[in-house]
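Starting from 1, each residue takes its place in the sequence as its number.
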Amino acid sequence: TWRQFVFRQLEVQENERIFELDVNVGAMWRYNAARVPKCYIKQTALTESSIRYLRQRIEQVEWPATPEFDYEVIPAGKLNLTPDEYDVVFAGHLFIRSAEIDHVLESCRNILKQDGRFYCTAVGKDHMKELFQLVHRFEPTVHFFNMDSIGHFSYEVGAEVLERHYSDVQWHRYENHWQTDDVDTLFEAIWWTYSDVRIVLAGREEELRAFIKKEVAKNGPLH
């Protein structure tokens, strides 16, 4: 899966210090728990509530090598990070902070040791476009905020952006597809994506489910 693919790229070694910017729910570490060595992992999120939820999910896992997890809230905006501390900095889906991308990349570089490694992930500009098109056929006024961000940092332009700050940039492409005709799965994917869908479609949940069911019956599984 994608999480295992990303973890393999990190090549985390025993006793290394890792800094992770803007963790979601710690999924990459949790899905690779058996492979995580004894190391120090500082996890950060935008809000206190995200940190509480993240800590809860991490503490539910049995970690064979007992890595040490630490947590910090780092709000959007200027990063104030202590320099020269970490062997690895990982920024998953860096487009989330694309509004201040150069500042973020410079800050991440400054907290790396001399021989440290920076990793990030990016999606392509057409990422999940079929799902977004499905939503817009139902309600054209829904706005997908992550699509705004991807324009600034995506698979197509990411190397150029990174080369402004890092001397040896390598991209590892992961290709995959997702196909389903399950109405509940599609509804959940739409409802929890980075968008204003829950605001615009408040009170119209069953109407949306009925629309998805009709589209699947007409066109088959969404690919």
For Tyr40, which residues count as a ring pair (Phe, Tyr, Trp, His ring centres under 6.0 Å) partner, sequence neighbours excluded? none
Shared ILVMFWY cluster between Val23 and Phe7, side chains joined below 4.5 angstrom? yes
Heavy-atom side-chain contact between Asn176 and Trp2 under 4.5 Å: no
Hey, what do you get for CD (Glu206) to CG (Leu208), rounding to the nearest 0.5 Å? 9.0 Å
Sorted by chain and residue number, the side chain to side chain contact (heavy atoms under 4.5 Å, CB included) partners of Ala91 (sequence neighbours excluded) come out as Leu21, Leu94, Phe118, Cys120
Do other residues, nucleotides or ligands put more than 12 heavy atoms under 6.0 Å from the CD atom of Glu62? no
Shared ILVMFWY cluster between Val157 and Leu105, side chains joined below 4.5 angstrom? no
Tell me, with the steps shown, if Leu81 and Ile74 meet side chain to side chain contact (heavy atoms under 4.5 Å, CB included). CA-CA 9 Å; Leu81 309 178; Ile74 300 184; 3.7 Å; yes
Tell me whether Phe90 shares a hydrophobic cluster with Leu46, the cluster being built from Ile, Leu, Val, Met, Phe, Trp, Tyr side chains joined at under 4.5 Å. no
Tell me the salt bridge (charged side-chain N to carboxylate O under 4.0 Å, His left out) pairs involving residues 107-117, sequence neighbours left out? Glu16-Arg117, Asp87-Lys113, Glu106-Arg109
Taking the six-membered ring where the residue is Trp, are the ring centres of His127 and Phe144 under 6.0 Å apart? no
Just by modelled atom types, is the Phe5 backbone N or O under 3.5 Å from a matching donor or acceptor in the Gln9 side chain? yes
Would you check if Glu85 and Phe19 make a side-chain contact, meaning some heavy-atom pair closer than 4.5 Å? no
Compare every heavy atom of Tyr119 with every heavy atom of Leu10, then report the nearest pair and how far apart it is. O-OH, 3.2 Å
Side-chain heavy-atom pair Tyr174, Thr121 within 4.5 angstrom cut-off: no
With a 4.5 Å limit on heavy-atom distance, are the side chains of Glu139 and Arg204 in contact? yes
Rounded to the nearest 0.5 Å, what separation is found between the CZ atom of Arg52 and the CZ atom of Arg57? 15.5 Å
Starting from Val36, can I reach Tyr86 by hopping between I/L/V/M/F/W/Y residues whose side chains sit under 4.5 Å apart? no
Answer whether the closest heavy-atom distance between the side chains of Asp70 and Ile41 falls below 4.5 Å. no
Would you say the side chain of Met128 lies within less than 4.5 Å of the side chain of Trp178, judging by non-hydrogen atoms? yes
Using a 3.5 Å distance criterion without hydrogens, assess whether the side chain of Glu205 forms a donor-acceptor pair with backbone atoms of Gly203. yes
Might you confirm whether atom CG of Asp102 has over 12 heavy atoms from other residues, nucleotides or ligands at distances under 6.0 Å? yes
Exercise: identify the closest heavy-atom pair between Ile18 and Cys39: CD1-SG, 3.7 Å
Does any part of the side chain of Trp29, heavy atoms only, come nearer than 4.5 Å to the side chain of Val12, both counted from C-beta? yes
Look up atom NE2 in His143 and atom CD1 in Ile199, then write down how far apart they are to the nearest 0.5 Å. 11.5 Å
When rounded to the nearest 0.5 Å, the distance separating CZ of Arg35 from CZ of Arg8 is 8.0 Å
Hey, could you give me each pair passing ring pair (Phe, Tyr, Trp, His ring centres under 6.0 Å) that has a residue in residues 200-223? Not counting sequence neighbours. Phe138-Phe211, His177-His223
Are the side chain of Gln170 and the backbone N or O of Asp168 linked by a donor-acceptor pair below 3.5 Å? no
Which donor-acceptor pairs under 3.5 Å do side chains of residues 183-191 form with protein atoms, sequence neighbours excluded?
{"unit_1": "Asp184", "atom_1": "OD1", "unit_2": "Arg209", "atom_2": "NH1", "d": "2.6"}
{"unit_1": "Thr185", "atom_1": "OG1", "unit_2": "Asp182", "atom_2": "OD2", "d": "2.8"}
{"unit_1": "Glu188", "atom_1": "OE1", "unit_2": "Trp192", "atom_2": "NE1", "d": "2.9"}

Which atoms form the tightest heavy-atom contact between Ala33 and Pro64, and what is the distance? O-CD, 3.6 Å
Say whether Val73 and Leu79 are linked into one hydrophobic cluster, either directly or through other cluster members, by side-chain heavy-atom distances under 4.5 angstrom. no
Kindly state each residue pair satisfying salt bridge (charged side-chain N to carboxylate O under 4.0 Å, His left out) with at least one member in residues 213-223, sequence neighbours excluded. Arg137-Glu215
Within a reach of under 6.0 Å around CD of Gln60, are more than 12 heavy atoms found that belong to other residues, nucleotides or ligands? yes
Min side-chain heavy-atom separation Val104-Cys108 under 4.5 Å: yes
What is the distance from atom NZ of Lys38 to atom OG1 of Thr66, rounded to the nearest 0.5 Å? 4.0 Å
Can you name the closest pair of heavy atoms from Thr44 and Ile51 and give their distance? C-CD1, 4.2 Å
So which atom in Gly26 and which in Gln43 form the shortest heavy-atom distance, rounded to 0.1 Å? CA-NE2, 4.1 Å
Looking only at heavy atoms, which two atoms of Leu162 and Trp171 are closest? And how far apart? CD1-CZ2, 4.0 Å
